[in-house]
Amino acid sequence: MSPSTGPAEVSASLAARIDPAVTEFAREVGASDPITVVGTRTHWHVGGEPAAGTREIRAPAGVWEHEPSEMTVRCGAATSVGELSAHLAQTGQMIPLDPADDAATVGGVLACGFSGHRRLRYGHARDLVLQTRHVDATGKVVTAGGPTVKNVSGYDLPRLLVGSLGTLGLLAEVILRTLPVPPAAQWLHGDGDPFAAFDLLYRPSSVLWNGTQAWILLEGDPSDIAAEAAKIEPLGFGPATDGPHVPAAGRESMRPSDLRGLAGSGGEWLAEVGVGLVHRAEPVDAGPVAPVNAALMTELKQRLDPAGRLNPGRSAW
C-alpha cells in the first residue's frame with residue numbers, strides 16, 4: 001500500500017477486479033434460505049446429499065485469465081476440468097486434478113478435496129490453490145490467498161475450503177498454480193511387488209495396486225523413464241497402454257505402511273501405494289474423527305455459517 005492509498009481505496013480497487021459473474025453469483029446466493037451449488041453431479045454422493053428444500057444454483061464458469069510465464073490460471077469454479085486442461089495444453093501446461101470424469105468441475109473437485117491418481121508425485125489438490133473467491137453465508141464475496149504467494153494471516157481459507165463440501169463457503173473463482181506437461185509418460189503393468197517397485201523408483205507419478213496386479217505411471221524425460229522402467233523390469237513390470245479402472249463409490253484413508261494388509265481382502269478396490277488411499281467399488285462409512293478435531297471444525301462452521309444455510313445435510317467431517 002502506498003502512503004497515499006488508504007484502506008477504502010484498496011477495497012475499491014479489489015472490488016473493481018471482481019468478475020461480474022462472481023458478483024451475480026453472490027447476488028443469487030443472497031443471505032437467507034438454505035442453498036447449495038450444483039455442478040455436473042459427478043461427486044454428488046460425497047458427504048451426503050443436501051437437505052430437502054435446499055435451493056440449487058450454479059457457480060460461474062470459464063477460463064478468465066492465464067499467465068503462462070507466471071504459471072497461474074484464473075477460472076470460474078464451474079469450469080470443467082476438461083475445458084481447463086484443453087486450454088492449458090495449448091501452452092504446454094497442466095493442473096493434475098485428474099478426476100475420474102473430465103466433466104467434473106474445478107470447484108467440485110476442490111470442494112470434495114479429491115486429489116488425482118498422480119498425488120504421489122504432485123501432492124494434494126489444495127497445494128495447487130493460490131487464491132479463492134467464495135461467497136459466504138451472508139452473500140458477501142470473500143477473497144483469500146494471493147495470485148502468486150499464499151496469504152496465511154488468520155484462517156488459511158483456501159486450504160479450509162478444499163474438502164469442505166461447500167459447508168464453509170461457496171466457491172466462485174480460483175487461481176491455480178499450473179505445471180509443465182511432462183515430456184513423456186509411460187504406464188507399466190505387472191504382477192510384481194508394488195512396494196518393492198516403489199522403493200526402487202525415483203518419484204513415480206502413481207503406484208496403483210489391486211491386491212494381485214499393479215500399475216505404475218512414470219513421467220518425465222524419455223531417457224529417465226526408460227532408466228526407471230529398467231529398474232523394475234526384473235520384478236515383472238512391462239509397458240502398458242493405459243492405467244487401471246479406478247473404483248469411485250467409496251474412498252478409505254490408511255497409513256501407507258498398512259496397505260500390505262489388504263492382500264487377500266475381498267471386494268473390488270485399488271490402493272495408492274505410497275499415499276495410503278484406497279478406492280473401493282462400494283460406499284465406505286466415514287471413519288471416526290478425533291473429538292478435538294470435530295470440536296474445532298464445529299466451532300469453525302458456527303463462526304462462518306451460524307445459521308447453517310450452506311449445504312445443509314452434507315457432512316465434511
Side-chain angles (χ1 to χ4, degrees), residues 71 81-82 85-86 88-89 92-102 109 114-125 127-128 177-282 284:
M71 303 194 76
V81 173
S85 298
L88 296 176
Q93 295 184 352
M94 65 160 189
I95 295 177
L97 294 176
D98 301 329
D101 186 340
D102 276 353
V109 171
F114 278 10
S115 301
H117 64 270
R118 294 185 290 175
R119 177 177 173 176
L120 183 60
R121 182 182 182 96
Y122 297 110
H124 196 283
D127 298 330
L128 301 169
R177 177 168 58 93
T178 66
L179 298 169
V181 173
Q186 177 65 61
W187 279 101
L188 304 172
H189 173 245
D191 57 5
D193 183 343
F195 302 95
F198 174 76
D199 290 339
L200 287 173
L201 294 170
Y202 175 71
R203 296 190 67 197
S205 295
S206 294
V207 179
L208 307 174
W209 175 58
N210 68 0
T212 57
Q213 303 176 76
W215 293 259
I216 297 170
L217 176 62
L218 302 176
E219 294 181 296
D221 184 83
S223 62
D224 292 336
I225 290 177
E228 289 294 288
K231 292 180 182 179
I232 60 174
E233 184 178 1
L235 298 179
F237 292 100
T241 57
D242 205 351
H245 165 70
V246 181
R251 301 186 349 147
E252 180 182 5
S253 181
M254 302 176 63
R255 288 191 180 94
S257 58
D258 291 342
L259 291 179
R260 287 182 182 271
L262 291 172
S265 62
E268 181 188 353
W269 53 268
L270 190 73
E272 296 187 30
V273 175
V275 175
L277 198 63
V278 183
H279 304 266
R280 295 190 178 273
E282 60 280 336
V284 176

Item to check | Inter-residue atom distance Leu120.CG - Leu217.CG, 0.5 Å rounding | outcome: 10.0 Å
Checklist outcome for this item: With Arg251 as partner, the option from Val278, Val284, Leu277 fulfilling side chain to side chain contact (heavy atoms under 4.5 Å, CB included) is Leu277
Item to check | Arg280: salt bridge (charged side-chain N to carboxylate O under 4.0 Å, His left out) partners, not counting sequence neighbours | outcome: Glu252
Checklist entry - Nearest 0.5 Å, what's the NE2-CG distance between His189 and Leu208? => result 11.0 Å
Less than 3.5 Å apart, which donor and acceptor atoms pair up between the side chains of residues 92-101 and the rest of the protein, not counting sequence neighbours?
unit_1	atom_1	unit_2	atom_2	d
Gln93	OE1	His66	NE2	2.9
Gln93	OE1	Thr178	OG1	2.9
Gln93	NE2	Pro68	O	2.9
Asp98	OD1	Arg118	NH2	3.0
Asp98	OD2	Arg118	NE	2.7
Asp98	OD2	Arg118	NH2	3.4
Asp101	OD1	Ala103	N	2.8

Item to check | All side-chain hydrogen bond (donor to acceptor under 3.5 Å, both in side chains) counterparts of Thr241, not counting sequence neighbours | outcome: none
Checklist entry - Who are the side chain to side chain contact (heavy atoms under 4.5 Å, CB included) partners of Ser115, not counting sequence neighbours? => result Arg119, His124, Ala125
Next on the checklist: Would you say that Pro222 contacts Gln186 through its side chain, given a criterion of any heavy-atom pair below 4.5 Å between the two side chains?
Outcome noted: no
Checklist entry - Taking only residues two or more places apart in sequence or in another chain, which ones pass side chain to side chain contact (heavy atoms under 4.5 Å, CB included) with Asp191? => result none
Checklist entry - Which pairs count as ring-ring contact (aromatic ring centres under 6.0 Å, His included) when at least one residue sits in residues 243-268, sequence neighbours excluded? => result none
Compile the donor-acceptor pairs under 3.5 Å between side chains in residues 267-276 and protein atoms, sequence neighbours left out, one pair per line.
unit_1	atom_1	unit_2	atom_2	d
Trp269	NE1	Ser265	OG	3.2
Glu272	OE2	His279	NE2	2.7

Checklist entry - Looking at residues at least two apart in the chain, or sitting in another chain, which of them share a side chain to side chain contact (heavy atoms under 4.5 Å, CB included) with Ala197? => result Ile216, Ile232, Leu235, Phe237
Checklist entry - Where the side chain of Gln213 meets the backbone of Gly192, is there a donor-acceptor pair that is under 3.5 Å apart? => result no
Checklist entry - Can you name the residues that form a ring pair (Phe, Tyr, Trp, His ring centres under 6.0 Å) with Phe195, not counting sequence neighbours? => result Trp209
Item to check | salt bridge (charged side-chain N to carboxylate O under 4.0 Å, His left out) pairs, two or more places apart, involving residues 228-245 | outcome: Glu228-Lys231
Next on the checklist: Treating Ser206 as the side-chain partner and His117 as the backbone partner, does any N or O pair qualify as donor plus acceptor under 3.5 Å?
Outcome noted: yes
Checklist entry - Which heavy atom in Ala281 sits nearest to a heavy atom in Pro247, and how many Å separate them? => result N-CB, 3.5 Å
Checklist entry - How many angstroms lie between CG in Leu201 and CG in Leu218, if you round to the nearest 0.5 Å? => result 6.0 Å
Checklist entry - By side chain to side chain contact (heavy atoms under 4.5 Å, CB included), which residues pair with Ala227, not counting sequence neighbours? => result none
Item to check | Pairs involving residues 194-209, ordered by first then second residue, that meet salt bridge (charged side-chain N to carboxylate O under 4.0 Å, His left out) (sequence neighbours left out) | outcome: none
Next on the checklist: Any heavy-atom pair between the side chains of Trp215 and Asn210 that's under 4.5 Å?
Outcome noted: yes
